[in-house]
Amino acid sequence: MASNSTKSFLADAGYGEQELDANSALMELDKGLRSGKLGEQCEAVVRFPRLFQKYPFPILINSAFLKLADVFRVGNNFLRLCVLKVTQQSEKHLEKILNVDEFVKRIFSVIHSNDPVARAITLRMLGSLASIIPERKNAHHSIRQSLDSHDNVEVEAAVFAAANFSAQSKDFAVGICNKISEMIQGLATPVDLKLKLIPILQHMHHDAILASSARQLLQQLVTSYPSTKMVIVSLHTFTLLAASSLVDTPKQIQLLLQYLKNDPRKAVKRLAIQDLKLLANKTPHTWSRENIQALCECALQTPYDSLKLGMLSVLSTLSGTIAIKHYFSIASGNVGSSPRSSDLVRLAQECCYHNNRGIAAHGVRVLTNITVSCQEKDLLALEQDAVFGLESLLVLCSQDDSPGAQATLKIALNCMVKLAKGRPHLSQSVVETLLTQLHSAQDAARILMCHCLAAIAMQLPVLGDGMLGDLMELYKVIGRSATDKQQELLVSLATVIFVASQKALSAEVKAVIKQQLESVSNGWTVYRIARQASRMGNHDMARELYQSLLTQVASEHFYFWLNSLKEFSHAEQCLTGLQEENYSSALSCIAESLKFYHKGIASLTAASTPLNPLSFQCEFVKLRIDLLQAFSQLICTCNSLKTSPPPAIATTIAMTLGNDLQRCGRISNQMKQSMEEFRSLASRYGDLYQASFDADSATLRNVELQQQSCLLISHAIEALILDPESASFQESGSAGAAHADSEYERRMMSVYNRVLEEVDSLDRKCTPVSYMHTACLCDAIISLLKVPLSFQRYFFQKLQSTSIKLALSPSPRNPAEPIAVQNNQQLALKVEGVVQHGSKPGLFRKIQSVCLNVSSTLQSKSGQDYKIPIDNMTNEMEQRVEPHNDYFSTQFLLNFAILGTHNITVESSVKDANGIVWKTGPRTTIFVKSLEDPYSQQIRLQQQQAQQPLQQQQQRNAYSRF
């Protein structure tokens with residue numbers, strides 16, 4: 001993780017170098033393809049996937065694939081094999097081939113070769129292209145023919161192609177189904193070929209009739225061919241077909257359970273368990289109570305631990321879904337079974353203390369899920385069983401640092417977090433167990449246990465104080481070796497201490513942490529602990545740690561980054577000196593904080609690079625600076641009621657103007673400006689939220705809380721002073737307080753609720769504007785600032801990376817050059833785009849569709865202003881497109897009736913799976929020059945020439961009168 005994180009924020013470069021020239025890269029590879037040496041040709045072929053990744057637009061991909069098709073047509077079998085591998089690696093780019101007919105024609109010519117290996121490679125090539133040529137009848141015919149070949153290599157290739165085409169084409173699946181059936185049932189077909197043919201039937205799900213016939217055939221095979229291999233392949237194909245067609249899933253579950261119960265062969269039982277696990281993950285709602293009961297009975301009866309482990313794995317998957325509620329619900333006509341007396345619970349209780357760690361882990365997970373899911377039932381005994389089972393598993397696994405033990409420990413710790421969240425009254429005993437075991441555990445286990453303690457303390461902050469003493473003792477005695485595990489443990493323990501401390505760290509805690517870190521030479525560990533301190537709001541600790549790291553970095557950009565973090569921590573530390581009802585000291589604290597923030601933003605700007613501009617960080621800090629300035633200005637405005645009270649004639653002026661607020665003097669206008677400023681800040685926070693598509697949910701929630709702070713103060717100004725009757729505040733409700741995920745959010749929500757209550761009570765008591773009103777506003781500001789700001793993960797680390805690359809055509813050779821278009825014609829603008837991802841695509845959210853907005857504005861008119869119809873004078877269009885394999889394309893028809901230079905702007909935004917729109921960009925601009933069409937120009941010139949003699953005649957007449 002450390003290596004990933006090191007490059008996460010400063011070295012997370014764009015997605016490849018600037019496109020120097022795609023054509024020159026293609027020509028370089030083409031030179032290799034034309035070489036007389038086989039090695040150079042092969043090297044050129046295998047470099048094509050990298051080219052596609054670097055330049056993923058159709059114009060290049062089309063040319064490249066046509067060149068590869070030529071190599072395939074005239075090359076030897078080894079070259080063909082290389083082209084086949086490249087095609088299979090570049091599957092997502094196949095739909096960008098524009099000349100599909102020409103490409104397939106060149107490939108297909110090899111199918112008539114006398115060499116069966118060449119034909120086999122061609123069949124595999126056609127199978128790999130099935131997604132773009134699903135309905136090519138010549139390909140269908142060739143596959144059918146090759147299935148009857150006497151060459152095994154060709155037949156295997158035909159089977160591969162048949163499977164791929166069946167998945168894509170309903171017509172092919174319907175046509176080939178009978179052929180496959182005959183071959184499988186034919187006596188002349190070898191058994192190993194039958195085993196390869198059977199899996200094709202999993203793709204016969206295009207309609208109910210086809211699926212039914214495939215299912216009947218598989219049913220016959222299972223009964224007619226009882227050999228182990230045939231049963232395993234047939235059953236697995238059966239399961240995949242049921243999972244795709246969805247109709248026969250309950251029947252398939254029954255069939256698998258029947259084989260699990262009655263078939264004596266362990267291999268068949270294992271296959272049945274594997275397929276049941278697949279169905280439990282995909283369709284848990286189709287499992288009936290009888291199915292689960294049958295599985296429990298099998299697990300109770302089996303003497304084999306490996307099979308018991310598999311069955312419990314299926315049951316633990318089901319126990320976390322809706323199936324568990326079905327199992328314990330009251331069946332019609334029967335009395336509902338008590339959870340305590342059921343076979344499932346009996347099985348889980350038996351397995352909790354099993355000598356096999358995996359079985360014990362699944363048993364504990366089943367008990368935990370039942371305890372958490374069945375909230376309405378009295379499960380005191382079951383709760384105790386779950387806790388005792390978890391404790392025993394924790395003791396067992398924490399002493400062992402093998403990978404298996406660590407995986408089991410993770411399951412147990414996840415169950416502990418789930419149990420503490422679902423049944424809070426059990427959390428105290430869970431925490432005590434963890435703290436007791438923490439002292440004697442292995443380092444690898446300690447790290448995982450610290451993560452678990454932090455997760456529980458985040459959910460239930462009341463438990464934090466009780467942890468602190470034990471944690472500090474452990475931190476003092478922890479080993480000081482420089483191993484990775486020790487370094488990781490230092491970070492994990494420090495994190496738990498920060499979470500448990502809740503508010504400010506005591507001097508003793510700080511001293512212990514610093515003392516330990518001084519002996520650690522690894523600066524990365526110190527940075528990670530400082531980062532956690534910034535996330536938890538312990539800014540004084542963070543500042544000292546950042547300060548100690550400044551001289552330990554080799555890069556100038558890293559130095560400026562650390563310096564900016566130090567300044568931001570110092571700025572936030574200044575705000576901890578705020579006191580209620582001491583407004584002059586509040587102003588000086590904010591001014592001091594702003595001084596350090598301005599130093600920090602200068603350093604942050606210096607830390608940014610063209611590849612990583614730190615745009616989120618810069619914008620977040622700028623907004624924080626503007627918010628602090630707005631708070632400072634509002635306190636000054638409130639103080640002005642004392643320093644500059646309304647004049648004696650203010651009431652008369654208010655009556656004359658009919659504006660009751662004027663009796664308050666100049667403060668009313670100042671308050672109005674302040675309210676607008678806070679609304680503007682809220683809007684800017686909203687824009688930052690929309691621009692942060694790759695941010696984690698905690699960071700987004702943090703931005704949302706900052707936005708709500710602005711809206712809260714804006715509402716308070718309106719409700720207390722400007723318009724008490726019509727003010728309303730729906731943006732932030734108290735409902736979120738119960739579900740707050742962090743201490744920072746909890747404290748902010750409690751401040752919001754308290755301020756809203758004070759505003760509401762004061763609104764009913766007094767008429768505006770009194771000193772009580774201004775004091776209420778100032779107290780609200782101080783309350784908000786006393787909650788230490790949390791710098792969340794996205795400020796330091798980008799786990800998900802998504803960007804969109806647009807290509808417009810027509811596009812000028814020189815970006816500053818305009819595209820010429822006649823004013824009586826319309827311009828067809830084609831917009832193509834590629835979605836590019838980092839190492840973890842779709843970690844937080846995925847792109848559902850891309851919204852493209854095209855607008856044009858007139859930059860400058862041409863010299864002479866002729867009368868031209870002004871219909872469709874401006875262009876403003878929007879289209880939504882869904883990317884397929886990360887590629888999208890659409891067209892716009894634009895009208896340029898007015899002569900002159902027009903500026904076309906194409907802006908993209910994305911919509912995620914939840915329907916939320918994110919303004920990710922990019923924004924691309926091109927220029928268009930609208931020219932007068934020749935015919936209109938000719939007519940206009942003729943009219944001008946005809947008018948000239950008439951004008952001259954009129955001038956002569958005028959002169960003759962004089």
Side-chain angles (χ1 to χ4, degrees), residues 205 239-258 260 272-300 309-349 351-352 361-379 382-383 385-386 389-390 411-412 414-424 426 459 738-739 846 913-915:
H205 53 72
T239 303
L240 294 174
L241 179 63
S244 300
S245 59
L246 301 176
V247 180
D248 298 309
T249 309
K251 286 183 190 172
Q252 183 61 21
I253 293 170
Q254 286 172 1
L255 180 68
L256 290 169
L257 287 169
Q258 187 183 326
L260 181 62
I273 289 169
Q274 177 191 322
D275 284 355
L276 285 168
K277 181 80 181 281
L278 187 149
L279 294 173
N281 278 313
K282 189 159 186 183
T283 56
H285 56 281
T286 57
W287 284 69
S288 67
R289 181 196 167 92
E290 289 73 26
N291 297 150
I292 297 175
Q293 185 64 29
L295 191 57
C296 290
E297 287 168 8
C298 288
L300 285 165
L309 176 63
M311 292 180 219
L312 270 168
S313 166
V314 178
L315 288 169
S316 75
T317 303
L318 288 170
S319 68
T321 65
I322 190 72
I324 200 70
K325 300 227 173 194
H326 289 173
Y327 183 74
F328 288 119
S329 63
I330 297 173
S332 55
N334 296 328
V335 180
S337 69
S338 163
R340 285 180 229 170
S341 61
S342 69
D343 283 348
L344 179 60
V345 172
R346 191 155 59 87
L347 173 66
Q349 286 169 333
C351 294
C352 275
H362 285 306
V364 166
R365 185 192 267 176
V366 170
L367 274 183
T368 305
N369 286 335
I370 293 171
T371 307
V372 173
S373 300
C374 304
Q375 295 277 10
E376 66 281 356
K377 301 184 190 294
D378 178 26
L379 300 173
L382 216 55
E383 288 172 3
D385 284 337
L390 285 168
I411 294 174
N414 280 331
C415 289
M416 283 183 166
V417 174
K418 197 169 184 178
L419 201 61
K421 188 176 182 180
R423 300 276 177 160
L426 298 174
Q459 289 172 3
H739 308 291
K846 294 179 182 175
N914 297 324

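The structure displayed is predicted, hence computed values, not measured ones.
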Give me the atom names and distance for the closest heavy-atom approach of [X] to [Y].
X      : Y      : value
Gln254 : Asn291 : CG-ND2, 3.9 Å
Val366 : Ala348 : CG1-CB, 3.9 Å
Leu382 : Thr371 : O-OG1, 4.2 Å
Pro284 : Ala323 : O-CB, 3.7 Å
Ala412 : Leu390 : O-CD2, 3.4 Å

Verdict with reasoning, Val372 to Lys421, per side-chain contact (heavy atoms from CB on, under 4.5 Å):
CA-CA 9 Å; Val372 173; Lys421 188 176 182 180; over 6 Å; no
Taking side chain as C-beta onward, heavy atoms only, is [X] less than 4.5 Å from [Y]?
X      : Y      : value
Leu347 : Leu312 : yes
Ile370 : Tyr327 : no
Cys298 : Met311 : yes
Leu240 : Leu278 : yes
Cys352 : Leu367 : yes
Trp287 : Ile324 : no
Arg289 : His326 : no

List for me each residue that meets side-chain contact (heavy atoms from CB on, under 4.5 Å) alongside [X], sequence neighbours excluded, and say none if there are none.
X      : answer
Lys282 : Ala243
Glu297 : Lys261, Gln293, Gln301, Asp343
Asn369 : Ser319, Arg365, Lys418

Inter-residue atom distance [X].[atom1] - [Y].[atom2], 0.5 Å rounding:
X      : Y      : atom1 : atom2 : value
His205 : Ser245 : NE2   : OG    : 8.5 Å
Glu290 : Leu295 : CD    : CG    : 13.5 Å
Leu276 : Thr239 : CG    : OG1   : 7.5 Å
Thr286 : Ile322 : OG1   : CD1   : 12.5 Å
Leu279 : Ile253 : CG    : CD1   : 5.5 Å
His285 : Leu318 : NE2   : CG    : 12.0 Å

Stepwise, does the side-chain hydrogen bond (donor to acceptor under 3.5 Å, both in side chains) test hold for His362 with Ser316?
CA-CA 6 Å; His362 285 306; Ser316 75; 3.2 Å; yes
For Ser373 and Lys325: C-alpha separation, side-chain torsions, deciding distance, then whether side-chain hydrogen bond (donor to acceptor under 3.5 Å, both in side chains) applies.
CA-CA 7 Å; Ser373 300; Lys325 300 227 173 194; 6.0 Å; no
So which of Leu256, Leu260, Leu309 actually passes side-chain contact (heavy atoms from CB on, under 4.5 Å) with Ile273?
Leu260
